[in-house]
Amino acid sequence: LQCLLLAVRRADVAVQVDKADVTLFAGILEMAAALFEESKDIAAEFLSDVLALCGQHLRYVGTRLPDEAVCSLRATALGLRQRQRQAAPELGVSSKGDLRYTDIK
């Protein structure tokens, strides 16, 4: 978790210097999602915050974001959304998923 927090801080500073560095957030989000899946040490709140930060930076950069970063962000966000649906019995899906995913905003 400490490494991810440091990565977020450094990426945030890097984006202020060069907007193209917003691609760093795609990697951070991907790593945070993977760690969330593997461990209970990453909270849904942290993952939600990283998602929100990615959204803010995407709006900041606009259309200048490389396609690779956009694809990575979308794939990670869609994967998280799919896991939310699996974990949400109220959506009519068999609840075989991890309920922590329902706490991601």
Side-chain angles (χ1 to χ4, degrees):
L1 179 61
Q2 294 300 328
C3 290
L4 280 176
L5 289 172
L6 182 60
V8 167
R9 285 189 204 112
R10 289 191 175 172
D12 199 38
V13 170
V15 168
Q16 303 307 319
V17 175
D18 184 358
K19 293 178 184 179
D21 284 335
V22 76
T23 58
L24 295 170
F25 284 100
I28 293 169
L29 177 60
E30 190 175 322
M31 181 58 67
L35 290 173
F36 182 79
E37 184 172 338
E38 294 173 10
S39 167
K40 299 204 185 308
D41 292 338
I42 303 294
E45 182 180 6
F46 177 78
L47 195 50
S48 297
D49 290 347
V50 173
L51 275 166
L53 194 56
C54 286
Q56 289 172 357
H57 283 296
L58 282 174
R59 287 187 291 281
Y60 174 67
V61 172
T63 60
R64 297 178 298 259
L65 190 63
D67 289 340
E68 178 182 309
V70 172
C71 289
S72 175
L73 287 168
R74 282 188 182 145
T76 303
L78 287 172
L80 291 170
R81 178 72 62 195
Q82 182 179 18
R83 292 199 181 275
Q84 279 182 316
R85 287 187 186 121
Q86 290 171 345
E90 67 275 6
L91 296 178
V93 179
S94 173
S95 181
K96 295 184 180 185
D98 186 337
L99 290 176
R100 295 179 311 137
Y101 283 93
T102 61
D103 295 331
I104 299 171
K105 308 291 182 229

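Atoms OG1 and CE, from Thr76 and Met31 in turn, are 11.0 Å apart once rounded to the nearest 0.5 Å. For the atom pair Leu24 CG and Leu29 CG, the distance stands at 12.5 Å (nearest 0.5 Å).
For Arg81, the side chain to side chain donor-acceptor pair (under 3.5 Å) criterion is met by Gln84, not counting sequence neighbours. With sequence neighbours excluded, the residues satisfying side chain to side chain contact (heavy atoms under 4.5 Å, CB included) with Asp41 are Ser39.
Summarising the geometry of Ala32 relative to Leu4, their closest heavy-atom pair is CA-CD1, 3.8 Å, with the distance given to 0.1 Å. Scanning both residues, Arg83 and Glu37, for their nearest heavy atoms gives NH2-OE2, 3.0 Å. The heavy-atom pair separating Ala7 from Ile28 by the smallest distance is O-CD1, 3.4 Å.
Residues Arg9 and Val13 form no side-chain contact, since every pair of their non-hydrogen atoms from C-beta on lies 4.5 Å or further apart.
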Considering only distance and modelled atom types, tabulate donor-acceptor pairs under 3.5 Å from the side chains of residues 42-53, sequence neighbours left out.
| unit_1 | atom_1 | unit_2 | atom_2 | d |
| --- | --- | --- | --- | --- |
| Ser48 | OG | Ala44 | O | 2.9 |
| Ser48 | OG | Lys105 | N | 2.8 |

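Applying the side chain to side chain donor-acceptor pair (under 3.5 Å) rule to pairs touching residues 65-75 yields Glu30-Ser72, sequence neighbours excluded. Residues in residues 9-36 take part in these ring-ring contact (aromatic ring centres under 6.0 Å, His included) pairs, two or more places apart or across chains: Phe25-His57, Phe36-Tyr101.
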